[in-house]
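Note: hydrogens, waters and symmetry copies are ignored here, and every other heavy atom, side chains too, is used.
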Amino acid sequence: MSSLVGIMAMAVRALLAEQGALDVTSNNISNLNTPGYSRQRAVLVQADPVIQGPLTFGNGVLLEKIESLRDPILELRIHAEEQQQSKLETLVTGMSQVEVMFSSSSGDIGDQLSKFFNSLQQLSADPTSIPLRHGVIMAAGNLTSAFQNVVHNIQQQRSNLDLNVTQSVRQVNSVTQQIAQLNIQIASMENVHQDASAFLDRRNVLIGQLSQLLDVSVIQSDEGITLTTSNGTALVAGSRSFQLLTQADPSGFQHIFAQGADVTASLVGGQLAGLIEMRDQRLPSTISDLDILAAGLATSFNTVHHGGYDLNGNGGGDFFVPPPAGVTGAASSFKVQVSDPALLAASSDQSPGSNGNLGLLLAIRNQAVAAGQSPTDYYANLVFKVGNEVATNSAAQDASGLILQQLENQRSSISGVSLDEEAGNLLRYQRAFEAAARVVSTISEVMDTAVNLGRY
């Protein structure tokens, strides 16, 4: 049977174990709202028993370790979904800004296109009217200005996205440096068998931030973790971080380089991939569509205008400035060539009162001038295309958000802190601590009595 000293030692071990469990519970409660915190659990085990002959006596409890509850595979899934969510959010934001430029409010290209053909219709009633001729030229100028304004706004948006690319690269470099430093701290603690949970949680939060910026793959190694992009570009290897650099291409836009290699086109996830896709694909595609419409409209209108006669009986010239060869830049350079209202070729037979050529010019509204479509239909399809991209990406973003929320809920069920559970643990460990303290007090009294008996 255990001696009084043995019982006292057993009770003291129980006090230390329950106190450690109380510390763990208190730490969990304190970090209830800490982002990325993984709930900790005190692992209590039986101490090795005391064997006396054929009898075996229990030897109390020990606090074996404090473990953090986390699921590494679930964390990887969350990071992967964060990459997709961040990219879609960037695309939705960017395309929503483009969609505003094609709204049906007064002053957009569609509205100005309609007003331009309406001004031709009004002039056909009185082809010799100088004010009405001025109205046509003014409506044409408003139409070309609408094209130029949209292209200018899109180009400005591209420039802003380019600045965001540079800023995002700086953020990536800052985060990878912090992760490399944490790798050093984690390795040094784990090498001496100390708990590195706080640093692991901090590193996981940083990896989440990095996942929002670009596509990240996590590889476990003996030196900590290695982070790469999905195509294998190294970002962090143990205690080393590899900086990304930006360098302008001939067009002035920034490309991203890693160890001397251009990795701009290889990024497939995160904010950077969304910024690059918007800057290099979505916005240029929209400008290209506008170029096709502007070039087709200018060319068709000039061709018909050449076949008519102005108020002076002379043959018509170019009404719009001819578009550049290959149509690239046609929308930004779309301008009215005619400034004198008398030079508007409305007549088809050289007589001032003729409106025959105006009828042909009006007919362009319903003729195929761009990609086999009329100006109105082509523009309507362009507006639909932009709106459809916003709607499609928004739906994908919502779906990704639901998946991410489900994964976060799963993580919370494993690693999150439950106040109800911690309150129950707090009460349980407190009572065990009080009971162990009572044993210590009782044994102390017994030992005092035993010592005092020896005096008599």
Q: Could you tell me how the ring of F320 sits relative to the ring of F301: parallel (under 30°), tilted (30 to 60°) or perpendicular (over 60°)?
A: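 Perpendicular: the ring planes of F320 and F301 meet at over 60°.
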
For the residue pair [X] and [Y], establish whether any side-chain heavy-atom pair is separated by less than 4.5 Å.
X    : Y    : result
V336 : V321 : no
I287 : Q155 : yes
V386 : M95  : yes
R411 : D71  : no
L311 : I130 : yes
I66  : D23  : no
R70  : D201 : yes
Q167 : N164 : yes

Using a 3.5 Å distance criterion without hydrogens, assess whether the side chain of [X] forms a donor-acceptor pair with backbone atoms of [Y].
X    : Y    : result
S114 : G110 : no
R39  : I414 : yes
N302 : D318 : no
T392 : E389 : no
T93  : E89  : yes
N357 : S347 : no
N183 : S239 : no
H305 : G317 : yes
S211 : I207 : yes
S26  : L22  : no

Over all atoms of both residues, closest heavy-atom pair of [X] and [Y]:
X    : Y    : answer
G356 : S354 : N-OG, 3.3 Å
Q157 : G94  : NE2-O, 3.0 Å
P323 : T299 : CG-OG1, 3.5 Å
L182 : R202 : CD1-C, 4.0 Å
Y378 : D289 : OH-O, 3.0 Å
A258 : T233 : CB-CG2, 3.2 Å

To the nearest 0.5 Å, what is the distance between [atom1] ([X]) and [atom2] ([Y])?
X    : Y    : atom1 : atom2 : result
N204 : Q209 : CG    : CD    : 10.5 Å
I179 : I186 : CD1   : CD1   : 9.5 Å
L407 : H79  : CG    : NE2   : 11.5 Å
Q185 : E190 : CD    : CD    : 12.0 Å
F102 : I109 : CZ    : CD1   : 5.5 Å
L382 : S285 : CG    : OG    : 8.5 Å

Considering residues, nucleotides and ligands other than [X], do more than 12 of their heavy atoms fall under 6.0 Å from its [atom1]?
X    : atom1 : result
R240 : CZ    : no
R41  : CZ    : no
R365 : CZ    : yes

Q: Could you please spell out the steps behind the side-chain hydrogen bond (donor to acceptor under 3.5 Å, both in side chains) verdict for S400 and Q85?
A: CA-CA 6 Å; S400 176; Q85 177 74 359; 3.1 Å; yes

**Q.** Among L120, L297, T303, side-chain contact (heavy atoms from CB on, under 4.5 Å) partner for I364
**A.**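 So, applying the side-chain contact (heavy atoms from CB on, under 4.5 Å) to I364 and each of L120, L297, T303, only L297 qualifies.
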
Q: Verify side-chain hydrogen bond (donor to acceptor under 3.5 Å, both in side chains) between D126 and T128, making sure each step is shown before the conclusion.
A: CA-CA 6 Å; D126 186 3; T128 60; 3.1 Å; yes

(Q) Show, in sequence, the C-alpha distance, side-chain angles and deciding distance for N28 and Q40, and conclude whether the side-chain contact (heavy atoms from CB on, under 4.5 Å) test is met. (A) CA-CA 7 Å; N28 286 339; Q40 295 181 330; 3.8 Å; yes

Q. Is D162 salt-bridged to R158, going by a charged N under 4.0 Å from an acidic O?
A.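 Salt bridge: no.
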
List, one per line, each side-chain donor-acceptor pair under 3.5 Å for residues 132-152, sequence neighbours excluded.
| from | atom 1 | to | atom 2 | distance (Å) |
| --- | --- | --- | --- | --- |
| R133 | NE | P127 | O | 2.7 |
| R133 | NH1 | P341 | O | 2.9 |
| R133 | NH1 | L344 | O | 2.7 |
| R133 | NH2 | P127 | O | 3.0 |
| N142 | ND2 | M138 | O | 3.4 |
| T144 | OG1 | A140 | O | 3.4 |
| T144 | OG1 | G141 | O | 2.9 |
| S145 | OG | G141 | O | 2.9 |
| Q148 | NE2 | F334 | O | 2.5 |
| N149 | ND2 | S145 | O | 3.2 |

**Q.** Polar side chain donor-acceptor pair, N173 to R170, under 3.5 angstrom
**A.**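 Side-chain D/A pair, N173 to R170: absent.
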
**Q.** Derivation and outcome, side-chain hydrogen bond (donor to acceptor under 3.5 Å, both in side chains), residues T328 and D291
**A.** CA-CA 6 Å; T328 300; D291 284 341; 5.2 Å; no

Q) Taking it one step at a time, do S68 and S38 satisfy side-chain hydrogen bond (donor to acceptor under 3.5 Å, both in side chains)? A) CA-CA 6 Å; S68 291; S38 297; 5.8 Å; no

Q) Please walk me through it: do N381 and K385 pass side-chain contact (heavy atoms from CB on, under 4.5 Å)? A) CA-CA 6 Å; N381 287 331; K385 177 183 175 181; over 6 Å; no

Could you list the donor-acceptor pairs under 3.5 angstrom formed by side chains in residues 263-277, with sequence neighbours left out?
| from | atom 1 | to | atom 2 | distance (Å) |
| --- | --- | --- | --- | --- |
| T264 | OG1 | I256 | N | 2.7 |
| T264 | OG1 | D262 | OD1 | 2.7 |
| S266 | OG | N231 | ND2 | 3.1 |
| S266 | OG | V263 | O | 2.8 |
| Q271 | NE2 | S168 | OG | 2.8 |
| E277 | OE1 | K87 | NZ | 3.4 |
| E277 | OE2 | R282 | NE | 3.1 |
| E277 | OE2 | R282 | NH2 | 2.8 |

Q.
For R203 and L206: C-alpha separation, side-chain torsions, deciding distance, then whether side-chain contact (heavy atoms from CB on, under 4.5 Å) applies.
A. CA-CA 5 Å; R203 185 177 68 182; L206 289 173; 5.6 Å; no

Q) When you look at T176 and L227, which way does the side-chain contact (heavy atoms from CB on, under 4.5 Å) test go after all the steps? A) CA-CA 9 Å; T176 53; L227 301 181; 5.5 Å; no

